Amino acid sequence: MLIATQGKSVTGTQQYFDQVLTQGDYYLGQEVNGQWRGHGAELLGLGHGTDVTKQQFNDLLQGNHPVTGAKLTQRDRKDRRPGMDLTFSVPKSVSLAWAINGDERITQALRDAVHETMQRDVEPLMQRRVRNGQNANSKQKAATGKLVYADFLHKTSRPVDGTPDPHLHVHAYVINWTEHKGKHYAGEFEEIVRQRPSLQAKFEARLAGKLKKELGYDVKHTRYLQSGRIKAGWEIEGVERKTIEKFSRRTEQVEEHAKENDVSNAAEKAKLGCKTREKKDKGTSVDQLREEWKSRLSPKERDSFRNLGSDGKERADGTDREDAAASVKYALDHHLYRESTVERHQVVATALEHGLSLSPEDVEQTLNSVDVIERSLDDNGTQRHMVTTREVLAAEKRMIDFARDGRGTRKSMADRDYEFTRDWLDEHQKSAVSFVLESRDTVLAVTGGAGTGKSSLMQEAAEAIEKTGKNVFTFAPSTGAVEVLKDKGFERSETVEHLIRNDRLHPQLAGQIIWIDEAGLLDVRSMNAVFDIAKSQNARVVLSGDTRQHSSPRRGEAMRLLESEAGLNAAKVETIQRQRGLYRAAVGMISKGHETVEPGKSGLLAGFDLLDKMGKIKEIGDGDREECLAQTYLESSEKGKSTLVVAPTHAEAKSVTDRIRHSLRDKGKLSRDENFITQLKSLNLTEAEKREVITYADQTGTIVQFHQNAKGGFKKGERYRVAGAVGKEVRVESVDGGQRKTLPLDAASRFEIYSEKELSIAIGDKVRFSLGGTAIDGKMRISNGRLDEVTGFDRAGNLVLKRGTVVDKDFGHLDLGYVVTSHASQGKDRQVALAAMSSESLPAVNAKQFYVTVSRGSEDVTLFVDDKARIRRAIEKTGQQLSATELVRSGETQISQEHSKDQQHDYWRQGQQLVRSFRDRLAHWWNNQSAARDAGDPVGRHRQADVGRSLGDDFGRSLGLGPT
């Protein structure tokens, strides 16, 4: 594990040096000597690998030269951070192998792995800030690739009941200094911190490789559940989990204290770690500790340690290359399942976690040799090395081409003199209806912000189309959005996935209209599938949605890509209908995103500031913030207002939910008697993860549910429990006690993996369903995202809901429904919207999340935050994916030398094809235009004019010029 901690003051770091870095081992009088490392050690005259003195360390902390004492930094700020501590820790079984067997080779392997990672991976990321004379706060950075650090090897953890556990770790304290072109500067650590997960993966891969190939220890993958997610790790083969737990008392101590004090979030647990520390015991020698550690082991466990390790095990180079290729493929499949592009260092990190003992250099070399597309993008002086594949690019191109080629090729859907039946529609809505009815495109769109009345104009347009004899088939990406459509009168609405999978439906669409609501949530795979159906049935497609709100969790923001790349003709509806007054003004500003709406301010920031001025953003500290939100929720509910509470993450949602339930119980609105029901939580695995046997290691009891039939006799809706992984197979058994089967890993798209737990529910609780299904009678439908209230339990413990539905206690796919994430809230609106947005959830806060959150209320909104300034900065992140198409257009091409000649030939061949294609299309258009002119056909000439404009736009885009 790699932890990055930035020092907050010089004085505090000096004390840290005295009390932790040089006194880190908690046994008899052993001081820890540090050594200077990095290019900076040589440049500053310290020497590489020489011992650290307290005077040298303190001089550097204060920005002074460690030899001459001269001032190094140009600025002497009192709030200057002195440096950053990178802590490299080994898996517990590695510490135990050192402790029980006294194998000091392990400590050297640890040191070597740290030194290689610092030199090859951390140091090249070191930067300095480049200050702009006109802007003192400029964040422009420049790479220097030079740092100086002191490393300290520690061997034990903090004591528990007076005795420490073995815990090998190295502190690499990086001084806030760097050098560039002969000048000294303060360092910029942002990129090192940002790439911490990748640096950790490289360190652990080097350590595992040394243990396996040099010291002869077998290593194995481990998988464990943490906060509803499978966490990947590794240990030495032969050390059992129960043995490891005997020496993890410090972790258990903090967890137990957290449970007793009802602390669940990571930041608060970190504080508990400080509060529960015991004083160091300097009266015990390491030999005495080793005897105490051995005394905890059973005879069988002692025998297992005697059998660990040997001389290094030889492996054929070809095997490593094959493993590296498989791991790189896995990493690309994994990341490009949810994103169209990914940073190169993330691919390398995932490949290393998958390969376990592969070297980072082998993985980098393998990634260079595979046929991927790479571009280097500049981000304020930092180069982001992005990767995608030709398959991803081809899928985007196929989608774009269908929409582009279908422009101007159809007849209008209705007459131009159409009379509106809903006179109350505003001018924007009426204009959008007219646009749909008069369009000659195969694919067209209606876009508009949250609460602009897109559903109302959809009703008007659909009725007008159906008067011409055409049928409008309506779909939406989620069952929740389908329910909204049904409430609007579109009773035959289905999900997009139903459209894709139901082959019997497709012939009914021949020559008809496919209308997809909330189309901004569609991924590229789904959009291409819809377009394939439209093409085969000669149907037209209307997309209605908003690309400024959340997009699909799958790869590709399809509708946004069509707008930007296919020249998709769209009607825009901007007048907000949902809110009123200043609240509407604020939402309107936020809907403008990064567009400037006031001098020096984007719509996001201007809208945030207006809400703040209205008193709708309340800055309150931890603990009190949740309590204030809970009280506001109760007050709103008591006034009869429908209320929706939104949080950026599931963790924050749980924290707020607990506080709301506590307040409801105090007021007697929630029963104190609780029933326990089964809850299934999706592990949100990618298909690449579900195909790997290692995913199921240590996951006995995890639930597999099929959402499609699969080979081997697996039926839709069936549930199985993971029974174990053996070799290349995963065995599962029916939850109803049926026979064991082998899980069809190659059918990963047909099943989902869940953790199983008990959920405590009381009468009066609000619940939210996370998957569609049926009630216990097999007839009443339960939609995904549905919110309801528990009014009781029947004799069998099944839930009785307010609407009269009875739900099986083992239904599983539900949770408490007081707080939802912004993703789950999209498409929902209530009179009052409340939001919890703490600093802990900052990674999930961005422009899309903020826009969706604040636009949920029709009458009022209040945001409860712990730091206004940090939230205000976080909402400026776009939250958008970078598409493969956009990546190819930007940055410089990074192609391996092995493929450069073939690539140049491909470019030449593609250019020739482009010329031939436009020559043929131009000739075809000219012939049709001439025929329409000669025949005196004004409608035909008008249509061909549209085609001509489309042709010109396409030619401009192909040259990277945009529409011409």
Side-chain angles (χ1 to χ4, degrees), residues 1-3 24-27 32 86-118 151-158 164-172 197 199-224 231-252 286 289-290 292-294 296-297 301-313 352-360 694 697-698:
M1 180 181 293
L2 171 60
I3 299 174
D25 286 318
Y26 310 112
Y27 47 84
V32 177
L86 295 175
T87 307
F88 297 84
S89 300
V90 305
K92 180 60 73 174
S93 61
V94 179
S95 292
L96 291 178
W98 162 80
I100 304 302
N101 291 346
D103 189 350
E104 292 297 338
R105 298 179 305 164
I106 293 176
T107 60
Q108 188 58 49
L110 168 60
R111 282 183 177 277
D112 290 344
V114 171
H115 297 162
E116 290 171 22
T117 302
M118 290 295 296
D151 66 358
F152 303 84
L153 171 65
H154 295 174
K155 299 178 180 179
T156 59
S157 63
R158 282 274 179 176
D165 287 333
H167 175 46
L168 292 178
H169 58 288
V170 170
H171 291 274
L199 298 172
Q200 174 179 324
K202 292 174 181 178
F203 157 69
E204 294 198 355
R206 289 191 175 100
L207 178 62
K210 292 177 187 298
L211 290 173
K212 182 174 183 177
K213 300 171 186 177
E214 297 175 16
L215 307 187
Y217 288 95
D218 285 327
V219 293
K220 65 177 182 180
H221 286 99
T222 60
R223 295 289 185 272
Y224 59 96
K231 298 293 184 179
W234 62 276
E235 299 286 354
I236 290 178
E237 186 80 57
V239 183
E240 300 295 329
R241 185 79 239 165
K242 63 180 181 179
T243 306
I244 289 172
E245 290 170 355
K246 290 181 181 181
F247 295 87
S248 303
R249 297 176 305 146
R250 177 68 179 144
T251 301
E252 291 177 5
V286 66
L289 281 176
R290 185 164 278 131
E292 195 281 332
W293 292 333
K294 289 181 179 179
R296 301 184 204 172
L297 302 176
E301 288 173 322
R302 292 181 189 181
D303 287 341
S304 68
F305 275 98
R306 292 190 190 102
N307 296 326
L308 296 180
S310 63
D311 292 333
K313 298 183 178 181
L352 289 170
E353 290 173 358
H354 180 270
L356 188 54
S357 58
L358 296 171
S359 76
I694 58 173
D698 307 321

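Please read these numbers as outputs of a predicted model, since none were measured by experiment.
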Any luck finding a side-chain donor-acceptor pair between Glu104 and Thr107 under 3.5 Å? yes

Just so I know, are the side chains of Pro360 and Leu352 near enough to count as touching, which here means a heavy-atom distance under 4.5 Å? yes

How long is the span from the NZ atom in Lys246 to the NZ atom in Lys92, to the nearest 0.5 Å? 14.0 Å

Value rounded to 0.5 Å, distance of CD1 in Ile236 from CD1 in Ile244: 9.0 Å

Can you check whether Glu240 reaches Ser304 side chain to side chain, under 4.5 Å on heavy atoms? no

Do you know the tightest heavy-atom contact between Arg223 and Ala232? NH1-CB, 3.5 Å

Would Leu211 and Leu207 satisfy side chain to side chain contact (heavy atoms under 4.5 Å, CB included), going step by step from the backbone distance to the final call? CA-CA 6 Å; Leu211 290 173; Leu207 178 62; 4.2 Å; yes

Thr243 vs Phe305 side-chain heavy atoms within contact, under 4.5 Å: yes

Does a side-chain heavy-atom distance below 4.5 Å link Val239 with Phe247? no

At their closest point, which heavy atom of Trp293 faces which heavy atom of Ile100, and how far apart are they? CB-CD1, 4.0 Å

Distance (rounded to the nearest 0.5 Å) between His115 NE2 and Met118 CE: 9.0 Å

Main-chain N/O of Ala113 paired to Lys210 side chain as donor or acceptor, under 3.5 Å: no

Look at the side chain of Lys212 and the backbone N and O of Val219, then say whether any donor-acceptor pair between them is shorter than 3.5 Å. no

Among Glu204, Arg206, Lys202, which one satisfies side-chain hydrogen bond (donor to acceptor under 3.5 Å, both in side chains) with Thr117? Arg206

Ile106 side, atom CD1; Lys155 side, atom NZ - distance, nearest 0.5 Å: 11.0 Å

Would you confirm whether Ser93, through its side chain, and Glu235, through its main-chain N or O, come within 3.5 Å as a donor-acceptor pair? no

Parallel, tilted or perpendicular: rings of Phe88 and Phe203 (30°, 60°): perpendicular

Ser95 side chain to Leu168 backbone, donor-acceptor under 3.5 Å: yes

d(Lys220 NZ, Ser357 OG) to nearest 0.5 Å is 15.0 Å

Looking only at heavy atoms, which two atoms of Ala97 and Leu308 are closest? And how far apart? CB-CD1, 4.5 Å

Working note: Arg296 + Glu301, criterion side chain to side chain contact (heavy atoms under 4.5 Å, CB included); need CA distance, chi angles, decisive distance, verdict. CA-CA 9 Å; Arg296 301 184 204 172; Glu301 288 173 322; over 6 Å; no

Euclidean distance, Ser359 OG relative to Lys213 NZ, rounded to 0.5 Å: 6.0 Å

Using side-chain heavy atoms (C-beta onward) and a distance below 4.5 Å, is Val94 in contact with Trp234? yes

Nearest heavy-atom neighbours spanning Trp98 and Arg290: O-NH2, 3.6 Å

Polar side-chain atom of Ser157 near backbone of Asp165 as donor-acceptor pair, under 3.5 Å: yes

Evaluate the ring planes of His167 and His169, with Trp represented by its six-membered ring, and classify them as parallel (under 30°), tilted (30 to 60°) or perpendicular (over 60°). parallel

